[in-house]
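A quick write-up on the structure given underneath.
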Protein chains: 2
Amino acid sequence: MAARTTYHHGDLKAALVDAGVAAASEGGEAAVGLNRLAAGLGVSASAAYRHFPEGLEDLLVAVGNVARRRLAERLALRISEVAPSQDAATDARRRFRASGRAYVEYVLEEPGLFQVANRHDRGRLPDADPFGVLESCIADLVSAGVLDEARRPDAATAAWAAVHGLAVLLTEGPLRRLPPDRRDRAVERTLDMVEAGL
Amino acid sequence: MAARTTYHHGDLKAALVDAGVAAASEGGEAAVGLNRLAAGLGVSASAAYRHFPEGLEDLLVAVGNVARRRLAERLALRISEVAPSQDAATDARRRFRASGRAYVEYVLEEPGLFQVANRHDRGRLPDADPFGVLESCIADLVSAGVLDEARRPDAATAAWAAVHGLAVLLTEGPLRRLPPDRRDRAVERTLDMVEAGL
DNA sequence: AGGGTCGTGTGAACGATGTCAACATCGATG
DNA sequence: CATCGATGTTGACATCGTTCACACGACCCT
């Protein structure tokens, strides 16, 4: 956006990632183009290759990392907002449920970023790891006595699959046009299933 | 592939869809290009636009329809293979479980086609409707007394989300490189959750 | 049989994409 | 102050989706 006065940009890499995040936010992966973004920053396309050696894919991974970090932060936020009660078991359950709701909430807010996050992933990062957040929720369930230790293996995977699948279906999938009330109902129904079935 | 002797191709539309299916099967959506496919058939690119007025997107939808039909057929096949017992309830449960397993099975076999099926969907078709198959499994569960009528709303959605999400995570997602035994364990664990939680 | 019509395929062109190699410029370091 | 490495530019290439004017030919109608 902002035209540039100096020959060197200053921090082109960060600027490209920011622009990529903005583009992905509206328009999804298809809107993230190296030429377009560079032009938008008043910079030639090939300049980007200095900062993303493997080209577009590298940039998409970087954008995806931002998206994953934001998602993880949203999960942590919603979990932290759960008002503690006297019962550790119901607290753990509520936090677990809040994380699932927050997942869908974020994805509905930022479907484009979610798309990039899914499609360009090079493994877990400590500060951008939504799955890690979910795993600690599961650990809480175990230590609160809600979930049996024997049932812990793959419990996080199963829960993740349910919530992730729902998010995909609701944004890119056939449930795209579900009205908000039916959407919420589907979310709660799915969380019911997970909570009862884990 | 096969060069053509006559000026007219005969059935270019079907040939393009076939080639698109083959290309998507290895290489996913990115491998489905109008120019490449047309050239492969010894035909100019613009010829394709006679049969797919909206261009590439139309072709991708057609390929997706094939993929959805095959998936639905696979589900129906695996359901039909369940040996009936004396108990209608356990039969319904087994068929339901078989459908979930079949879903993952197919997606692992044809991740590229699954990708196209997900990303280019213009609504349910009677002969290519995996969700419809799942819905009738749920209906079976209800009529067999396994699932309470009151819990039927959105039950299919929740179950679908879990299985779909798992399939996505196992093919395009972070669970991509899970070894087969751990993969199977995750599938069974997820089906356990769905069955117990629905 | 002859002639017209409409479905189908061709050729060339346009703009946009990702990518690369050769060159230009700046800032920091000796 | 000179040099050198990091950073940005220019220009080019192949490929992509798409469109338009044109060419072919199978079929129908008289």
Side-chain angles (χ1 to χ4, degrees), chain A residues 1-64 112 115-116 119-120 122, chain B residues 1-64 112 115-116 119-120 122:
Chain A
M1 301 284 185
R4 162 190 48 129
T5 158
T6 58
Y7 183 86
H8 283 355
H9 180 282
D11 196 352
L12 182 55
K13 179 164 187 170
L16 279 169
V17 174
D18 283 356
V21 168
S25 180
E26 27 180 331
E29 165 167 18
V32 181
L34 224 41
N35 291 334
R36 214 193 342 261
L37 293 185
L41 288 147
V43 151
S44 83
S46 32
Y49 285 82
R50 300 287 175 199
H51 305 278
F52 303 97
E54 304 198 6
L56 178 60
E57 175 59 22
D58 265 3
L59 174 60
L60 285 168
V61 170
V63 172
Q115 194 177 71
V116 176
R119 297 183 184 180
H120 303 93
R122 285 201 189 145
Chain B
M1 304 282 181
R4 161 188 48 126
T5 159
T6 57
Y7 183 85
H8 284 352
H9 179 282
D11 197 352
L12 182 55
K13 179 164 189 172
L16 279 170
V17 174
D18 283 356
V21 168
S25 180
E26 30 181 327
E29 166 167 17
V32 180
L34 223 42
N35 290 335
R36 216 196 335 267
L37 292 184
L41 286 137
V43 151
S44 84
S46 34
Y49 284 82
R50 300 287 175 197
H51 306 278
F52 302 98
E54 304 197 8
L56 178 60
E57 175 60 21
D58 265 3
L59 174 62
L60 285 167
V61 170
V63 172
Q115 195 178 68
V116 176
R119 298 183 184 179
H120 302 93
R122 286 202 187 142

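Each chain gets a letter, A, B and so on, in the order the sequences are listed, and its residues count up from 1.
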### Message
Using heavy-atom distances to pick each residue's nearest nucleotide on DNA chain C, tell me which of Ala47(B) and Glu54(A) is more 5'.
### Response
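The 5'-side residue here is Ala47(B).
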
Please confirm whether the shortest side-chain N or O distance from [X] to OP1 or OP2 of [N] is below 4.0 Å.
| X | N | result |
| --- | --- | --- |
| His51(B) | dG9(C) | yes |
| Arg36(A) | dT17(C) | yes |
| Asn35(B) | dG17(D) | yes |

#### Entry: Glu57(B) atom CD, over 12 foreign heavy atoms within 6.0 Å
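More than 12 within 6.0 Å, yes.
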
Distance check needed: [N] [atom2] versus [X] [atom1], whole Å only.
| X | N | atom1 | atom2 | result |
| --- | --- | --- | --- | --- |
| Leu56(B) | dT15(D) | CG | C1' | 14 Å |
| Leu41(A) | dT9(D) | CG | C1' | 15 Å |
| Leu37(B) | dT15(D) | CG | C1' | 14 Å |
| Leu34(A) | dT15(D) | CG | P | 20 Å |

### Message
Requiring both pairing distances under 3.5 angstrom, list the stems that contain DNA chain D and are made of three or more consecutive Watson-Crick or G-U pairs.
### Response
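Ordered by first number, the stems with DNA chain D (at least 3 consecutive pairs each) read C:1-30 with D:1-30.
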
Polar atoms only, N or O, under 3.5 Å: list the protein pairs with nucleotides 20-22 of chain C and their distances.
none

### Contact residues, residues 11-29 of chain B to DNA chain C [heavy atom, < 4.0 Å]
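When residues 11-29 of chain B is checked for heavy atoms under 4.0 Å from DNA chain C, the hits, listed by number, are Leu12(B).
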
### Message
What's the separation between atom CG in Asp18(A) and atom CG in Asp11(A), rounded to the nearest 0.5 Å?
### Response
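Reported value, rounded in 0.5 Å steps: 8.5 Å.
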
